[in-house]
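Reviewing the structure listed below.
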Amino acid sequence: MKNNIKTLAIMTFIIPLFSLMGSCTFDEVVDPNGPSVDGVLKNASKGQLNELVVAIESTSRNGLGNETTSNGVMAREFYLFNAEPRNTGDLLGKDGLQLDNNSFYSVGSWNGNYRCIKNINLLIEAIANTDAATESEKNGYLGFAKTMMAEELIQILKSYAKARIDVADPENLGPIVDFNEGIAKARALLEEGQQHLSNAGSSFAFRLSTGFSGFDTPSTFSEFNRAWAGVAAVYDGDGNAALTALASSYMDLTGDLNIGPKHIFGLGGGDQANTVFKVPSTADKPNNGDQIVVHNTWIADAEPGDLRVAQKSALRTNPASQDGLNGTHETRLYDSDTSPIDFLRNEELILVYAEANILANNLGEAEDALNIIRNSANLPDYSGAQTTEALTTEMLKQRRYSLWAENHRMFDLRRYGLSNTLPIDRAGDQIFNTMPIPLPETY
């Protein structure tokens, strides 16, 4: 079988590994003997195991910008105005165009996620074949690995609605499965990871980046695991299980909304920049040629006084126009190209908690959680009906504004059957809500 995943299995250890040196960068580690898969699968040293941990955290960023911008354009959150015509053509179905299963937007995210998963599988196999770590330390590595694999799998399912879940052996890949089987696998991995973390002692044998500050021991990383377990359960329609998981996470109804692990970025050799950041337009450069331009409906549909509009966007000196599309505002989501991107922050967890309570028919509790988000955005308490339908609509609205341009909207609309409510921006445009599986994976 010819496919990208098999190629990635060969490439993964050829790309540089990274070591966490300094506060917020991944610096290249040079192995004079040439890093190889065989070198870590047979009695790996603790140093080699730790390099794999770093490689996993580093490659978890791969494809993140492409995933966010491509899915955000499809969801009419914004337009991506730059020199690439497919951003305003293919992704919006211009004049009947179909999504290309061999283009940057369909292949980039898939490859990025599976490169990370390959590094995770290498770590899992290496742990099984080494005497360098104690049983407690091995549990720490495995708890980290399985949590991160579940996180990557969830991202794939959000974009593609399918995934290949058995990829440990590149010569014997499992089939591509549907969303239900994929999310079940993610939930199982999270439970396995949680069990490992509970047997991992008080500290890890490895060091995580500052993006995991406060979540870098087995017990605190377990809260990250439980947060993802809550998300996965909600995506699976299991509200009660989500509430149980969230109770052991770092979700805090009265806490800082920004708390949670983050992807970190840097501009050093071998590092990555935050590609969702765009340089703001200015009076002397009003026609910035590479910009995320806010969809006009996101501005128009906001409630008066919603602070998130001003926090995440800004009025341009000149309205932007490209390919028959236009907008008055542009992104201010990140301050620079080294700004962190959240894995999963408390604000999202409170919204997940609200959704879980709606699913579990605890409507009063759901309304209270939504009011926390509303009040944080300078909005008054919710005043609509306390029904499942009305609160679901409100929950999706708050997700739309709290999680704007963070790769949620397309998936939210798809899972609630609301994709057909998106606006058609030009005559002949179409609505897509799922990325096509890359061509090399289909034969």
Worksheet item: Looking at side-chain heavy atoms only, is the closest gap between Gln430 and Gln98 below 4.5 Å?
Response: yes
Practice prompt. Under the ring pair (Phe, Tyr, Trp, His ring centres under 6.0 Å) rule, collect the residues that match up with Phe432, sequence neighbours excluded.
Written response: none
Worksheet item: Which residues satisfy the side chain to side chain contact (heavy atoms under 4.5 Å, CB included) test with Ala390, sequence neighbours excluded?
Response: Tyr382, Ala385, Thr387
Worksheet entry | Under the ring pair (Phe, Tyr, Trp, His ring centres under 6.0 Å) test, residues paired with Phe212 that sit two or more places apart | Phe221, Phe224, Phe343
Item to complete: Indicate whether any N or O donor in one side chain lies under 3.5 Å from an N or O acceptor in the other, for Asn82 and Gln322.
Response: no
Worksheet entry | Tyr401 side-chain N/O to Glu303 backbone N/O, donor-acceptor pair under 3.5 Å | no
Discussion item. Would you compute the distance between atom CZ of Arg207 and atom CG of Asn50 and round it to the nearest 0.5 angstrom?
Written reply: 9.5 Å
Worksheet item: With side chains defined as the heavy atoms from C-beta onward, is the minimum distance between Thr331 and Trp404 less than 4.5 Å?
Response: yes
Worksheet item: Taking only residues two or more places apart in sequence, or in another chain, which ones meet Glu152 in a salt bridge (Lys or Arg N to Asp or Glu O under 4.0 Å)?
Response: none
Discussion item. List the residues meeting side chain to side chain contact (heavy atoms under 4.5 Å, CB included) with Thr388, not counting sequence neighbours, and say none if there are none.
Written reply: Ile358, Asn361, Leu363, Thr392
Worksheet item: Is the closest side-chain heavy-atom distance between Phe144 and Leu197 below 4.5 Å?
Response: no
Worksheet item: Which distance, rounded to the nearest 0.5 Å, do you find between the CG of Asn180 and the CG of Asp236?
Response: 6.5 Å
Item to complete: Indicate whether the side chain of Ser109 and that of Asn66 have a donor and an acceptor atom separated by less than 3.5 Å.
Response: yes
Worksheet item: Ignoring hydrogens and geometry, is there a side-chain-to-backbone donor-acceptor pair from Thr393 to Glu389 under 3.5 Å?
Response: yes
Worksheet entry | Donor-acceptor pair between Glu330 and Ser313 side chains, under 3.5 angstrom | no
Worksheet item: Yes or no on side-chain contact (heavy atoms from CB on, under 4.5 Å) for Val40 and Leu52, after CA distance, side-chain angles and deciding distance?
Response: CA-CA 9 Å; Val40 298; Leu52 274 171; 4.2 Å; yes
Discussion item. With a 4.0 Å cut-off on N to O distance, would you call Lys158 and Glu67 a salt bridge?
Written reply: no
Item to complete: Would you mind checking if Glu394 and Arg399 are paired as a salt bridge, meaning a charged N to carboxylate O distance below 4.0 Å?
Response: no
Practice prompt. I would like to know whether Asn62 and Gln272 meet side-chain hydrogen bond (donor to acceptor under 3.5 Å, both in side chains); could you show each step before the answer?
Written response: CA-CA 9 Å; Asn62 287 3; Gln272 295 185 37; 2.6 Å; yes
Discussion item. Holding to salt bridge (Lys or Arg N to Asp or Glu O under 4.0 Å), I want the full list of residues that pass it with Asp301, two or more places apart in sequence or in another chain.
Written reply: Arg400
Discussion item. Contact between Leu349 and Leu344 at the side-chain level, heavy atoms closer than 4.5 Å - yes or no?
Written reply: yes
Practice prompt. Just do the side-chain contact (heavy atoms from CB on, under 4.5 Å) check on Leu325 and Leu92 with the steps written out, would you?
Written response: CA-CA 11 Å; Leu325 306 168; Leu92 296 173; 3.6 Å; yes
Worksheet item: Step by step, would you call Asp429 with Arg76 a side-chain contact (heavy atoms from CB on, under 4.5 Å)?
Response: CA-CA 12 Å; Asp429 279 1; Arg76 275 66 171 180; 4.1 Å; yes
Practice prompt. For Asp335, look at atom CG and say whether over 12 heavy atoms of other residues, nucleotides or ligands are found less than 6.0 Å away.
Written response: no
Worksheet item: With sequence neighbours excluded, what pairs up with Asp290 under the salt bridge (Lys or Arg N to Asp or Glu O under 4.0 Å) test?
Response: Lys278
Worksheet item: Counting heavy atoms not belonging to Lys162, are there more than 12 under 6.0 Å from its NZ?
Response: no
Fill in: Main-chain N/O of Asn274 paired to Asp337 side chain as donor or acceptor, under 3.5 Å
no
Worksheet item: Got a salt bridge between Arg187 and Asp238, using NZ or NE/NH1/NH2 to carboxylate O under 4.0 Å?
Response: yes
Worksheet item: Mind checking whether Phe206 and Phe204 have parallel, tilted or perpendicular rings, split at 30° and 60°?
Response: parallel
Worksheet item: Can a salt bridge be assigned to the pair Arg426 and Asp323 using a cut-off of 4.0 Å between side-chain N and carboxylate O?
Response: yes
Item to complete: Go through Ser103 and Asp90 one step at a time and tell me if the side-chain hydrogen bond (donor to acceptor under 3.5 Å, both in side chains) criterion holds.
Response: CA-CA 10 Å; Ser103 185; Asp90 295 23; 4.9 Å; no
Worksheet item: Do the side chain of Asn346 and the main chain of Asp256 share a donor and acceptor less than 3.5 angstrom apart?
Response: yes
Worksheet item: If only atom types and distance count, is the side chain of Gln291 paired as donor or acceptor with the main-chain N or O of Val293 below 3.5 Å?
Response: no
Worksheet item: Quick one: side chain to side chain contact (heavy atoms under 4.5 Å, CB included) partners of Ser402, sequence neighbours excluded?
Response: Arg308, Glu347, Leu351, Ile373
Discussion item. So, taking the atom named CG in Leu413 and the one named CD1 in Ile431, what distance separates them when rounded to the nearest 0.5 Å?
Written reply: 9.0 Å
Worksheet item: Have Thr328 and Arg316 got a donor and an acceptor in their side chains that come within less than 3.5 Å?
Response: no
Worksheet item: Is there a donor-acceptor contact under 3.5 Å from the side chain of Ser58 to the main chain of Val54?
Response: no
Worksheet item: Does any donor atom in the side chain of Asn433 or Ser419 lie under 3.5 Å from an acceptor atom in the other side chain?
Response: yes
Discussion item. Determine whether the aromatic ring centres of residues Phe215 and Tyr250 are separated by less than 6.0 angstrom.
Written reply: yes
Practice prompt. Tell me, with the steps shown, if Gln155 and Asn407 meet side-chain contact (heavy atoms from CB on, under 4.5 Å).
Written response: CA-CA 9 Å; Gln155 301 307 333; Asn407 191 30; 4.0 Å; yes
Discussion item. Does Tyr160 form a ring-ring contact (aromatic ring centres under 6.0 Å, His included) with Trp110? I'd like the steps, not just the answer.
Written reply: CA-CA 9 Å; Tyr160 298 91; Trp110 182 275; 5.1 Å; yes
Practice prompt. Could you tell me which residues satisfy ring pair (Phe, Tyr, Trp, His ring centres under 6.0 Å) with Tyr235, sequence neighbours excluded, listed by chain and number?
Written response: Phe411
Fill in: Expected output: side-chain Tyr114 to main-chain Val167 donor-acceptor under 3.5 Å
no
Item to complete: Quick one: list whatever passes ring pair (Phe, Tyr, Trp, His ring centres under 6.0 Å) with Phe81, sequence neighbours left out.
Response: Tyr79
Item to complete: Answer whether the closest heavy-atom distance between the side chains of Leu157 and Ile183 falls below 4.5 Å.
Response: yes
Discussion item. Any carboxylate oxygen within less than 4.0 angstrom of a Lys/Arg side-chain nitrogen, looking at Glu355 and Arg415?
Written reply: yes
Discussion item. Could you check whether Asp425 and His295, counting side-chain N and O atoms only, form a donor-acceptor pair closer than 3.5 Å?
Written reply: yes
Worksheet entry | Pair Asp412 + Arg409, salt bridge at N-O below 4.0 Å | no
Worksheet entry | Summary of salt bridge (charged side-chain N to carboxylate O under 4.0 Å, His left out) pairs that have at least one residue in residues 221-232, sequence neighbours excluded | Glu191-Arg226
Worksheet entry | Counterpart residues, side chain to side chain contact (heavy atoms under 4.5 Å, CB included), relative to Asn378 (two or more places apart) | Leu307
Discussion item. Quick check against the 3.5 Å criterion: does Ser213 have a side-chain atom that pairs as donor or acceptor with the backbone of Ser209?
Written reply: no
Worksheet item: Under 3.5 Å, is there a donor-acceptor pair linking the side chains of Asp100 and Ser106?
Response: no
